[in-house]
> 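Structure below; questions to follow.
Bear in mind the structure is a predicted one, so any value in this text is a computation, not a measurement.
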Amino acid sequence: MAEQSISGKKIAFLLTDGVEQVELTSPWQAVKDAGAEPVLVAPKTGELQGFKGVDKADKFPVDVAAEAANAADYDALVIPGGVVNADHLRVEKDAVDFTRAFFESGKPVASICHGPWILIEAGVIDGRKLTSYHTLATDLKNAGATWVDEEVVVDQGLVTSRNPGDLEAFNAKLIEEVAEGKHGGQTA
């Protein structure tokens, strides 16, 4: 998968309990395979509970608490999905502020499935084209986005996909956008 190298880059993965495990582990491995360092950022310290659908799966150690995380320390942001993860994450002020900071600095952001919910709270999708899990379409449209039902959508450094079935395309575009670096149109 690692056709492009993003060696030496540091990628923040923002999530909390209830993350859809494969939407964390697949991009995480793609980032590592391409030579970058993934870092798990969360609203709490300790471990987070992953899920496979509605069933508990593995636990993942938090590297940095969101309140202590600084977007300036990272080259890109990945926001995995999972209904519980996304719903809880979008009400965490530190997580929302951390997310917005990536847009303010023009850095790539990739979000899959229910992950884009936090983009609404961060106020960064008005006028943007994106996709997500189909149940978020109305929320995203109401926030000013153009929602489309496509495998992967890239809009000025913002990469979005619908569900775990899109991970191969999502991961490839994530690596491509990180390799390209900052995007002038990626603003809050």
Side-chain angles (χ1 to χ4, degrees), residues 6 9-20 23-24 27-28 31 36-50 60-133 136 139-147 153-161 170 173-174 177-178 180-188:
I6 54 173
K9 305 265 186 193
K10 199 169 172 184
I11 314 301
F13 281 72
L14 180 63
L15 57 135
T16 192
D17 288 314
V19 67
E20 182 64 36
E23 293 174 3
L24 165 62
W28 184 282
V31 161
E37 175 190 357
V39 178
L40 198 155
V41 178
K44 68 175 195 171
T45 58
E47 289 185 326
L48 299 178
Q49 181 65 61
F60 301 93
V62 174
D63 296 313
V64 179
E67 67 182 1
N70 184 339
D73 297 335
Y74 302 94
D75 298 288
L77 173 64
V78 178
I79 307 166
V83 178
V84 173
N85 166 62
D87 194 43
H88 291 176
L89 197 61
R90 68 183 174 148
V91 298
E92 293 286 344
K93 182 183 180 329
D94 293 326
V96 172
D97 292 346
F98 185 65
T99 299
R100 186 180 308 105
F102 281 86
F103 286 85
E104 290 169 348
S105 61
K107 295 179 180 177
V109 174
S111 187
I112 187 167
C113 200
H114 288 80
W117 254 341
I118 197 170
L119 304 180
I120 296 170
E121 298 301 323
V124 297
I125 60 164
D126 188 25
R128 304 296 292 266
K129 180 182 175 184
L130 68 153
T131 194
S132 67
Y133 194 70
L136 274 64
D139 294 343
L140 293 164
K141 289 175 189 175
N142 287 341
T146 299
W147 185 89
V153 175
V154 180
D155 182 337
Q156 297 291 322
L158 172 61
V159 178
T160 53
S161 284
F170 178 77
K173 286 297 182 183
L174 161 63
E177 294 303 303
V178 172
E180 288 177 8
K182 289 186 177 186
H183 292 72
Q186 179 75 311
T187 58

> Run the side-chain hydrogen bond (donor to acceptor under 3.5 Å, both in side chains) test against Glu20 and tell me which residues pass, sequence neighbours left out.
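Expected list: none.
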
> Using the side-chain hydrogen bond (donor to acceptor under 3.5 Å, both in side chains) criterion, which residues pair with His183? Sequence neighbours excluded.
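Expected list: Glu177, Glu180.
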
> Holding to ring-ring contact (aromatic ring centres under 6.0 Å, His included), I want the full list of residues that pass it with Phe13, two or more places apart in sequence or in another chain.
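In terms of ring-ring contact (aromatic ring centres under 6.0 Å, His included), with neighbours along the sequence ignored, Phe13 is linked to Trp28.
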
> Could you work out, with salt bridge (Lys or Arg N to Asp or Glu O under 4.0 Å) as the rule, every residue matching Asp87, not counting sequence neighbours?
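Once residues adjacent in sequence are excluded, the partners of Asp87 under the salt bridge (Lys or Arg N to Asp or Glu O under 4.0 Å) criterion are Arg90.
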
> Only counting residues at least two apart or in another chain, list the ones meeting side-chain contact (heavy atoms from CB on, under 4.5 Å) with Ala95.
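With neighbours one apart ignored, the set is Leu14, Leu89, Glu92, Ile118.
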
> Applying side-chain contact (heavy atoms from CB on, under 4.5 Å), can you list everything that pairs with Ala69, at least two apart in sequence or on another chain?
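Checked Ala69 against side-chain contact (heavy atoms from CB on, under 4.5 Å); matches are Val41, Val64, Phe98.
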
> Report yes if the side chains of Ser132 and Leu140 come closer than 4.5 Å at any heavy-atom pair, otherwise no.
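The answer is yes, as the side chains (C-beta and beyond) meet within the 4.5 Å cut-off.
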
> Measure the shortest side-chain to side-chain distance between Val178 and Val31 over non-hydrogen atoms and say whether it is less than 4.5 angstrom.
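A side-chain contact is absent here, since even the closest heavy-atom pair is not under 4.5 Å.
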
> Restricting to pairs with a member in residues 65-75, which pass side-chain hydrogen bond (donor to acceptor under 3.5 Å, both in side chains), not counting sequence neighbours?
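For residues 65-75: none.
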
> So, taking the atom named CG in Leu119 and the one named OG1 in Thr99, what distance separates them when rounded to the nearest 0.5 Å?
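One finds 7.0 Å between CG of Leu119 and OG1 of Thr99.
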
> What residues, two or more places apart in sequence or in another chain, satisfy side-chain contact (heavy atoms from CB on, under 4.5 Å) together with Val62?
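Val62 satisfies side-chain contact (heavy atoms from CB on, under 4.5 Å) with Leu40, Ala42, Leu48 only.
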
> Can you tell me how far OH of Tyr133 sits from CG of Asp139, rounded to the nearest 0.5 angstrom?
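It comes to 14.0 Å.
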
> Tell me the salt bridge (Lys or Arg N to Asp or Glu O under 4.0 Å) pairs involving residues 106-128, sequence neighbours left out?
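Sorted pair list: Arg128-Asp155.
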
> How long is the span from the CH2 atom in Trp147 to the CG atom in Leu130, to the nearest 0.5 Å?
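Output value for this atom pair is 9.5 Å.
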
> In a table with atom names and distances, give each donor-acceptor pair under 3.5 Å that connects a side chain of residues 77-86 to protein atoms at least two apart or in another chain.
residue	atom	partner	partner atom	Å
Asn85	OD1	Thr16	N	2.6
Asn85	ND2	Pro80	O	3.1
Asn85	ND2	Gly81	O	3.1

> Taking side-chain contact (heavy atoms from CB on, under 4.5 Å) as the test, write out the residues that go with Gln49, two or more places apart.
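Only Asp17, Phe51, Lys56, Lys59 meet the side-chain contact (heavy atoms from CB on, under 4.5 Å) criterion with Gln49.
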
> Say you draw a straight line from NZ of Lys129 to OG1 of Thr160; how long is it, rounded to the nearest 0.5 Å?
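Nearest 0.5 Å value for the NZ-OG1 distance: 9.5 Å.
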
> What's the shortest heavy-atom distance between Pro38 and Ala36, and which atoms?
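Scanning both residues completely, I find the closest heavy atoms to be CD-O, 3.5 Å.
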
> Tell me every residue that passes salt bridge (Lys or Arg N to Asp or Glu O under 4.0 Å) with Lys93, counting only those two or more places apart in sequence or in another chain.
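Asp97.
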
> Can you name the nearest heavy-atom pair linking Leu136 to Cys113, along with the distance?
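Answer, listing the atom of Leu136 first, then Cys113: CD2-O, 3.9 Å.
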
> Please give me the minimum heavy-atom distance between Ala71 and Phe102, naming the atom from each residue.
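Here Ala71 and Phe102 meet closest at CB-CE1, 3.6 Å.
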
